[in-house]
Amino acid sequence: MVGSLASGRWVELFCGSWASASGHFYGSPASSQWTLLGLLRLLGPARGPPSSMGQLPLRSLTMTSFALRWIGGRRRSVITGLVAGASHPCSIWCFIFSFLQNLSNKILLNAVKEFSPLKLRIGGSLQDKVIYGVDPQQPCTPFVKKKSEMFGFSQGCLPMHRWDELNGFFKKAGAVIIFGLNALNGRVHLPGGSLGGPWNSTNAASFIHYTVNKGYTIHGWELGNELSGSGVGARIGADQYAADVISLKKIIDDIYQGFPHKPLVLAPGGFFDASWFNELIKKTKPHSLDAITHHIYNLGAGVDKHLVDKILNPSYLDGEASTFRNLQGILRSAGTSTTAWVGEAGGAYNSGHHLVTDSFVFSFWYLDQLGMSSTYNTKSYCRQSLVGGNYGLLNTATFHPNPDYYSALLWHRLMGSKVLSTNFTGTKSIRAYAHCARESLGITLLLINLSGKTTSQVFVTTASAFTIALKHHIPRTRFNHITRLGRTLAFMREEYHLTAKDGNLHSQAMLLNGNILSVDSEGNFPTLKPMEVDASLPITLAPFSIVFVHIPHFHAPACG
């Protein structure tokens, strides 16, 4: 996350946003209406209201169950609650990207276009040391390595000709932009190591003016990078940060006066600290801060030899839920319009780990994070990185996709913005999430098998059948199947099975339904084709595999 702006070296976050949808959540797994499923342990919703939302009145609750029958006679269950009116605008793909490469590279361009449109967040470690070269009378010098300085580099400058080049790329790729501003200008050192004094916004305001005058569209301006709480390299108190956010809001309101749509204001782009974030929210509410952004590297350092063990450990994965839950609790208590974003997440910091964070095994962590974060009403999840480091979605030398790129693309295309409350009973090695299908009828399931030994079969049934069976003590096997109505197109489903090449978790090649995914010689990306399966048959979940399942004929009231 370092480089010289003058030579085109800069750090960009690429983010994507789901279309916003209105609606309200009704019901909670804690509600008494849910306890009739007494044989099931409700583990908490995926992309629905977290259990901490409290007791809310249910309205037109419809449920479907997914009963997992293990080979060897052991049975497990997944129950997915479809809550009428529950809708969730969310965006969950974001990528950090270092523009060391040629912007005309066809694979790079197509990689961005495939998401159509992709939202790009530009920022990173050195953003708080950047001067914007808007004054032609002032020298615009690049970053220089300097060990005595924060992050080992001197202050650097972003020349406007480079900004123009980048915006040309953004327009060609059909992307929209989030830009991270330098939040350290004008600060003074305080006792204890923190920085104080108001933000000097003069240079940033001139840069925003330049951007508007050139006709460049910015979706949002984010203030600062990793300055919250104890900070990384530097820290600023929440009191002062809130005042600076309010100043940025005023600058944007003034410069964009008369525009039909104004950019979002985002902050602080740092690690979650409950008291610090609570203070920022309280002092910027109700409308000065549109999105509060936090970073996640919950696997620890990239040099950790136990990364794979952590990724495949469901208890370890569950640990991050507390961050999402606590942040949502702060937002609800404050009564603010501010929403939560994960502004940057690479899993393992310090560039990740080669053949782990850039290989098939990392999709278990990545897709689980997308499912978990959306459970807690996270509107955007920004992934580090598109290109750069060992956690890049594209190979740093060839730009060919690593497995997580295809995982992100399938999530983007299949998982809609309305979240279904999914609850799973049984082994924790199976992770299950469900959404209304994106731009299609029915629902989409995401099933992740963290076990390398067990093949599972998933049968889909209706909740009404499940409830009747409970009432009359009918053995579960009698309602595992949807009634077979013939192999007609209307009762087929689409399955996308993701596995590692040669079964090697460290492989940088991914198979989709047994076929390797690769870019052709012209830089064109492969078509992600599903296999069609009779919907009355079980979904087979192989060891160490990931399956997206689109069931178009399934009617869920929450999906409209």
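Here, residue 1 is the first one in the sequence, and each next residue gets the next number.
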Kindly state each residue pair satisfying salt bridge (charged side-chain N to carboxylate O under 4.0 Å, His left out) with at least one member in residues 180-204, sequence neighbours excluded.
Arg187-Asp244
Donor-acceptor under 3.5 Å ([X] side chain, [Y] main chain):
X	Y	value
Trp199	Asn182	yes
Arg438	His412	yes
Ser247	Ala243	yes
Asn200	Thr202	yes
Gln127	Gly124	yes
Thr293	Val342	no
Gln155	Lys129	no
Ser194	Arg235	no
Thr339	Ala291	no
Ser385	Gly388	yes

With a 3.5 Å cut-off and no angle check, do the side chains of [X] and [Y] form a donor-acceptor pair?
X	Y	answer
Tyr241	Glu279	no
Ser373	Thr378	no
His550	Ser440	yes

Mind checking what makes side-chain hydrogen bond (donor to acceptor under 3.5 Å, both in side chains) contact with Arg431, not counting sequence neighbours?
Asp318, Asp368
Listed by chain and number, what are the side-chain hydrogen bond (donor to acceptor under 3.5 Å, both in side chains) partners of Glu114, not counting sequence neighbours?
Arg413
Any side-chain heavy-atom pair of [X] and [Y] under 4.5 Å:
X	Y	result
Glu149	Phe153	no
Ile218	Val176	no
Val130	Phe143	yes
Phe277	Leu327	yes
Phe324	Met372	yes
Gln369	Asn298	yes
Val361	Val356	yes

What's the spacing between [X] [atom1] and [Y] [atom2] if we round to 0.5 Å?
X	Y	atom1	atom2	value
Ser363	Tyr405	OG	OH	13.0 Å
Thr211	Tyr216	OG1	OH	8.0 Å
Leu331	Ile292	CG	CD1	6.5 Å
Trp341	Tyr381	CH2	OH	14.5 Å
Leu446	Leu498	CG	CG	9.0 Å
Ser351	Tyr391	OG	OH	5.0 Å

Check residues 300-313 and write down every donor-acceptor pair under 3.5 Å in which the side-chain atom is one partner and the other belongs to a residue at least two apart or another chain.
{"from": "Asp304", "atom 1": "OD1", "to": "His306", "atom 2": "N", "distance (Å)": "2.7"}
{"from": "Asp304", "atom 1": "OD2", "to": "Lys310", "atom 2": "NZ", "distance (Å)": "2.8"}
{"from": "Lys310", "atom 1": "NZ", "to": "Leu299", "atom 2": "O", "distance (Å)": "3.0"}
{"from": "Asn313", "atom 1": "OD1", "to": "Ser315", "atom 2": "N", "distance (Å)": "3.0"}
{"from": "Asn313", "atom 1": "OD1", "to": "Tyr316", "atom 2": "N", "distance (Å)": "3.3"}

Non-hydrogen atoms of [X] and [Y] that approach each other most closely:
X	Y	answer
Tyr297	Ala348	CD2-C, 3.7 Å
Lys283	Ala242	CB-CB, 3.6 Å
Ala432	Leu447	CB-CD2, 3.8 Å
Val112	Ala173	CG1-CB, 3.7 Å
Leu420	Ile443	CD1-CG2, 3.7 Å
Gly392	Asn402	O-ND2, 2.9 Å

Ring centers of Tyr210, Tyr132 separated by less than 6.0 Å
no
Could you give me the CA-CA distance, side-chain angles and deciding distance for Arg383 and Glu344, then say whether salt bridge (Lys or Arg N to Asp or Glu O under 4.0 Å) is met?
CA-CA 6 Å; Arg383 167 63 187 267; Glu344 180 182 319; over 6 Å; no
Parallel, tilted or perpendicular: which one describes the rings of Phe360 and Phe364, with boundaries at 30° and 60°?
perpendicular
For the pair Phe207 and Trp163, name the ring-plane relationship: parallel under 30°, tilted 30 to 60°, perpendicular over 60°.
tilted
Just distance, no hydrogens or angles: give the donor-acceptor pairs under 3.5 Å from side chains in residues 254-270, sequence neighbours left out.
{"from": "Asp254", "atom 1": "OD2", "to": "Lys250", "atom 2": "NZ", "distance (Å)": "3.0"}
{"from": "Tyr256", "atom 1": "OH", "to": "Trp221", "atom 2": "NE1", "distance (Å)": "3.4"}

If you count the non-hydrogen atoms of other residues, nucleotides and ligands that lie under 6.0 Å from CZ in Phe271, is the total more than 12?
yes
Just jot down the side chain to side chain contact (heavy atoms under 4.5 Å, CB included) partners of Asn278, sequence neighbours excluded, or say none.
Lys282, Ile330
